[in-house]
Amino acid sequence: MTRIRLTALALAALTAAAAHAQSDKIKVGLMLPYTGTYAALGTAIENGFKLYVEEQGGKLGGKTIEYFRVDDESDPSKAVENANKLVKRDNVDVLVGTVHSGVAMAMAKVAKDNNTLLIVPNAGADAITGPLCSPNIFRSSFSNWQPAYAMGLVAAERQKHKTAVTITWKYAAGDESVKGFKEGFESKGGKVLKELNVPFPNVEFQALLTEIAATKPEAVYAFFAGGGAVKFVKDYAAAGLKDKIPLYGPGFLTDGTLEAQGAAASGMLTTLHYGDDIATQKNKQFRLAYAKTYKLQPDVYAVQGYDAAQLLAAGIKAAAGDLTKRDAVVKGMEQAKLDSPRGAMTLSKAHNPVQDVYLRQVDGQSNKAISVAVKQLADPARGCKM
Ligand code: PHB
């Protein structure tokens, strides 16, 4: 190659980088469910994200945030195409999404292939911070293992149950949640008698509730969320099981759902990295601001969206607003110590939150944190080489 051509190439690259660096906007691609059983979760995540950005005057690290949105419908078969709309068509600087583990795994692959920054504000797929872990992939929520494993310990040690039946939607999140519960429960001498499933997002539970009644376990562990969680908890009570066999789950079973579940959820114990009444300044301020802005009570999904924005802000600031400085962005995010409404939060080497998992109890319309089930629990990040 001639010297002149080299110089021309170098110049072109420099100009492109400068154009990016000088852009006063950062494009955020929100890929979330806005329809279906997880619709309310997608909205809460978007609300939380935007609340943090608005608290900073609409800018992060001096850059105006511009939004692009896609409804992923919690449909894994459309996930690659949907992610590409944001990455290739809209040319976003960062992808934020999603709720459903199957969709999120496809997003992680697209993010890897295109070296796009991805922040996962819910989906717990263990693989995302396991075998699929990558410098450009971060999570502001949890791994499916985290709350599930904690509930397994609580069911065996605190509640002294010896046997349990599990029930879930048959897909990655449900499978991994059950696996995490079983690991915790059986490590303390419990025994899972049966693992029951329904296809996602099916809510025909009657036959399986009959099977639970016939099996007579000491406890039931269920993974459902959103609209499905409302229906399951109500059906469980209506089947007359609530007072016979205590129902446990990760906190998704009762988060953002209490108004619709009513008395069917009262007194339920769940484990999660958030509780409504956490008595920090940050949580009080967050809950007030969220309620005032959206005329809705926040939930764990809103918290995770808010923290996704906080995490991004840490990266942008570390790179002085220049997202082309990827190493600086990544380092800033890796080293972030977030003042989250959930409490202090840092990231593991695999980019998954290290966080307290609370034991919560439903009290009226509130998931009250009654103790810390496991302090500063880190996902084991099995299979992550980074
Ligand atoms: C998931 O698919 O990873 C998932 C969905 C909803 C939740 C939690 C996890 O509430």
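Atoms within each ligand, like the ligands themselves, are counted from 1 in listed order.
Under the rule for a ring pair (Phe, Tyr, Trp, His ring centres under 6.0 Å), the partners of W169 that lie at least two apart in sequence or sit in another chain are Y38, F200, F224.
Between the side chains of S177 and Y221, at least one donor N or O sits under 3.5 Å from an acceptor N or O. Checking D307 against Q310 by side-chain atom types alone, a donor-acceptor pair falls below 3.5 Å. Using a 3.5 Å distance cut-off with no hydrogens or angles, the side chains of Y248 and H161 do pair a donor with an acceptor.
Residues in residues 360-374 take part in these salt bridge (Lys or Arg N to Asp or Glu O under 4.0 Å) pairs, two or more places apart or across chains: D255-R360, D363-K368. Legend: salt bridge (Lys or Arg N to Asp or Glu O under 4.0 Å) pairs involving residues 198-210, not counting sequence neighbours: none detected.
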Report each N/O pair between ligand 1 and the protein that falls under 3.5 Å, naming both atoms.
| unit_1 | atom_1 | unit_2 | atom_2 | d |
| --- | --- | --- | --- | --- |
| ligand 1 | 2 (O) | V99 | O | 3.3 |
| ligand 1 | 2 (O) | S101 | N | 2.8 |
| ligand 1 | 2 (O) | Y171 | OH | 2.5 |
| ligand 1 | 3 (O) | S101 | OG | 2.6 |
| ligand 1 | 3 (O) | G124 | N | 2.9 |
| ligand 1 | 10 (O) | Y301 | OH | 2.8 |

